[in-house]
Amino acid sequence: MPIFNDTKVAFADKSDAQLRKAYWMFKMIEQPALTSLGTSVLNFTVHNNFPFVTGIVKSTLFEQFCGGETREESMKVVKQLFKRGVGSIFDYSIEGKEDEETFDAVCKEIKDIIRFSVGNPAIPFIVFKPTAFGRIDLYEAVGKGAELTSSQKEEWTRVVKRFDEVCKLCHENNKKVMIDAEETWMQDAADQLCEEMMEKYNQEKPIVWNTIQMYRTGRLEYMEENLQRAREKNYFIGYKIVRGAYMEKERARAAEKGYADPIQPTKEASDKNYNAGIDFVMNHLDKVSAFFGTHNEISSELIMDKMKEKSLENGNPNIYFGQLYGMSDNISFYLSDKGYNVAKYLPYGPVKDVVPYLTRRARENTSVAGQTGRELGLIKKELERRRK
Ligand SMILES: Cc1cc2nc3c(=O)[nH]c(=O)nc-3n(C[C@H](O)[C@H](O)[C@H](O)COP(=O)(O)OP(=O)(O)OC[C@H]3O[C@@H](n4cnc5c(N)ncnc54)[C@H](O)[C@@H]3O)c2cc1C
């Protein structure tokens with residue numbers, strides 16, 4: 001049996017009724033036409049407070065992919081996951097809002113999460129998105145080295161302050177913090193800021209972790225350069241290594257503006273580059289720790305093999321595996337069962353605020369080749385196993 005196919009382990013926490021509901025939901029998600037129609041209808045109705053629709057969303061998509069409407073409500077899921085050795089990473093994001101009030105409110109919420117999770121090993125990481133703390137256009141201008149106006153300079157100072165407050169609080173409370181990666185045109189400024197935070201707070205161990213998207217070209221070179229700087233300045237590096245989530249948007253923008261596509265030419269090239277990222281980490285474990293955020297079974301198995309080759313214990317504190325809540329439980333629970341460090345992103349918030357996240361999950365599940373089919377196949381297999 002392929003190693004990640006043990007559905008008894010994957011779904012041990014799910015009742016038959018929950019599995020049937022998940023099956024029905026992934027079946028709906030599998031229909032691209034339904035998903036695209038559904039997402040516009042959903043965004044409209046939930047935002048305009050149709051309680052009936054909100055109720056349906058809450059008991060379907062929300063229940064599958066989110067922890068709860070509040071941190072407290074999500075603790076039930078956190079505890080359930082931790083009982084099986086899987087950590088939770090509270091993912092708070094209000095998408096699409098770009099005003100100072102929202103940036104401050106999100107920053108406060110992230111700091112509250114840190115305080116809430118101090119000393120709780122079930123919540124091993126804190127996470128935030130750079131664009132939750134500042135406007136994407138500002139990151140782009142800073143990354144390009146553009147001349148900023150005085151008000152832009154003040155605005156950027158506030159972004160840096162938000163980063164610093166969160167990273168400092170994590171440092172004081174011994175919590176690791178991951179910073180998500182986003183679009184290439186804002187990432188240079190975010191990388192620079194992440195490096196500044198690493199230099200400041202990673203002197204003894206990796207507290208601040210940047211994210212590297214291996215679907216991009218040139219990322220191995222960036223990691224080499226970053227490593228050199230870390231050696232010179234004597235700090236540790238933490239990386240979340242992912243493939244990358246913005247391919248269509250990146251390609252469309254590059255074509256429209258007439259610059260070279262920043263994404264690897266094929267899926268195979270992204271996979272090859274991801275594997276090279278695994279090697280990079282394994283060859284520099286004295287300085288680099290990694291959280292491999294992937295639902296790819298081959299990559300996950302490769303990481304396990306490389307760890308064995310290096311004679312690392314399964315629970316080596318420098319290596320983590322990560323998936324999203326509601327997806328790829330077959331990988332998460334297999335790994336945690338074997339003593340590897342595993343943590344899942346756990347989005348939470350009022351239903352209407354997480355609808356953009358949920359509809360993105362639904363759309364991604366239709367575009368990420370094979371993901372929905374794989375989930376459906378596993379649920380079906382488990383339901384059949386239980387019937388026997
Ligand atoms: C815990 C966690 C955290 C994450 N954090 C981030 C983050 O901070 N930033 C971010 O951008 N993403 C993030 N992601 C999403 C991630 O980047 C991937 O989009 C997603 O996980 C699917 O990739 P995969 O490795 O799981 O699986 P796979 O199904 O093996 O890979 C799918 C991915 O391959 C790449 N790909 C597909 N087709 C092509 C093609 N034709 N040419 C080139 N490349 C192709 C794309 O990146 C696509 O998403 C995160 C994912 C997880 C699980």
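Order of listing sets the numbers, starting from 1, for every ligand and every atom in it.
Within the set I89, T184, I212, N296, the minimum heavy-atom distance to atom 27 (O) of ligand 1 is found for N296. Here the shortest heavy-atom distance to atom 33 (C) of ligand 1, taken over R243, R251, E297, belongs to R243. Residue Y345 holds the heavy atom nearest to atom 1 (C) of ligand 1 of all those in F292, Y325, Y345. The heavy atom nearest to atom 2 (C) of ligand 1, considering only N273, L324, I331, is found in L324.
V166 and Y201 fall within the same hydrophobic cluster, where Ile, Leu, Val, Met, Phe, Trp and Tyr residues are linked whenever their side-chain heavy atoms come under 4.5 Å apart, directly or through other members.
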> Are K58 and E69 close enough, and set up right, to give a salt bridge (charged side-chain N to carboxylate O under 4.0 Å, His left out), and what steps lead you there?
Replying inline: CA-CA 9 Å; K58 184 151 188 195; E69 296 209 57; 3.1 Å; yes
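Backbone and side-chain nitrogen or oxygen atoms of V242 are examined, and none is located within less than 3.5 angstrom of a nitrogen or oxygen of ligand 1. In terms of polar-atom proximity, H295 is counted as a contact of ligand 1, with an N or O under 3.5 Å from an N or O of the ligand. Below 3.5 Å of separation, one finds an N or O of D180 facing an N or O of ligand 1. Annotation: D271 places no N or O atom under 3.5 Å from an N or O atom of ligand 1; distance criterion only.
If you number the atoms of ligand 1 from 1 as listed, the ones under 4.0 Å from a heavy atom of A181 come out as 7 (C), 8 (O), 9 (N), 10 (C), 11 (O). Heavy-atom proximity to Q264, at under 4.0 Å, picks out these atoms of ligand 1: 42 (N), 43 (C). Those atoms of ligand 1 with a heavy atom of S270 less than 4.0 angstrom away are 43 (C), 44 (N), 45 (C). Those atoms of ligand 1 with a heavy atom of Y246 less than 4.0 angstrom away are 11 (O).
Ring-plane geometry between F65 and F26 is classed as perpendicular, the angle between the planes exceeding 60 degrees on a 0 to 90 degree scale with a lower cut at 30.
Looking at Q187 against ligand 1, nothing comes within 4.0 Å, counting heavy atoms. For T266, every heavy-atom contact with ligand 1 shorter than 4.0 Å involves the backbone, none the side chain. Contacts with ligand 1 closer than 4.0 Å are made by heavy atoms of both the backbone and the side chain of A245. Contacts between Q213 and ligand 1, counted as non-hydrogen atom pairs separated by less than 4.0 Å, involve the side chain only.
Counting only distance, with no hydrogens or angles, the side chain of Y215 and the backbone of D271 share no donor-acceptor pair below 3.5 Å. In this structure, the side chain of N314 engages the main chain of K338 through a donor-acceptor pair within 3.5 Å. Under a 3.5 Å cut-off, the side chain of N341 and the backbone N or O of N316 do form a donor-acceptor pair.
Under the 6.0 Å distance and 45° angle rule, K287 counts as a cation-pi partner of F236. Geometric assessment of K344 against the ring of Y325 yields a negative cation-pi assignment under the 6.0 Å and 45° thresholds. A cation-pi arrangement is present between R219 and Y222, with the terminal nitrogen or guanidinium carbon under 6.0 Å from the aromatic centre and inside a 45° cone about the axis.
Contact between K240 and ligand 1 is present, with at least one heavy atom of the residue lying under 4.0 Å from the ligand.
A ring-centre distance under 6.0 Å is not found for F128 and Y92.
Of the residues E165, H171, E172, the one that meets the side-chain hydrogen bond (donor to acceptor under 3.5 Å, both in side chains) test with K168 is E172.
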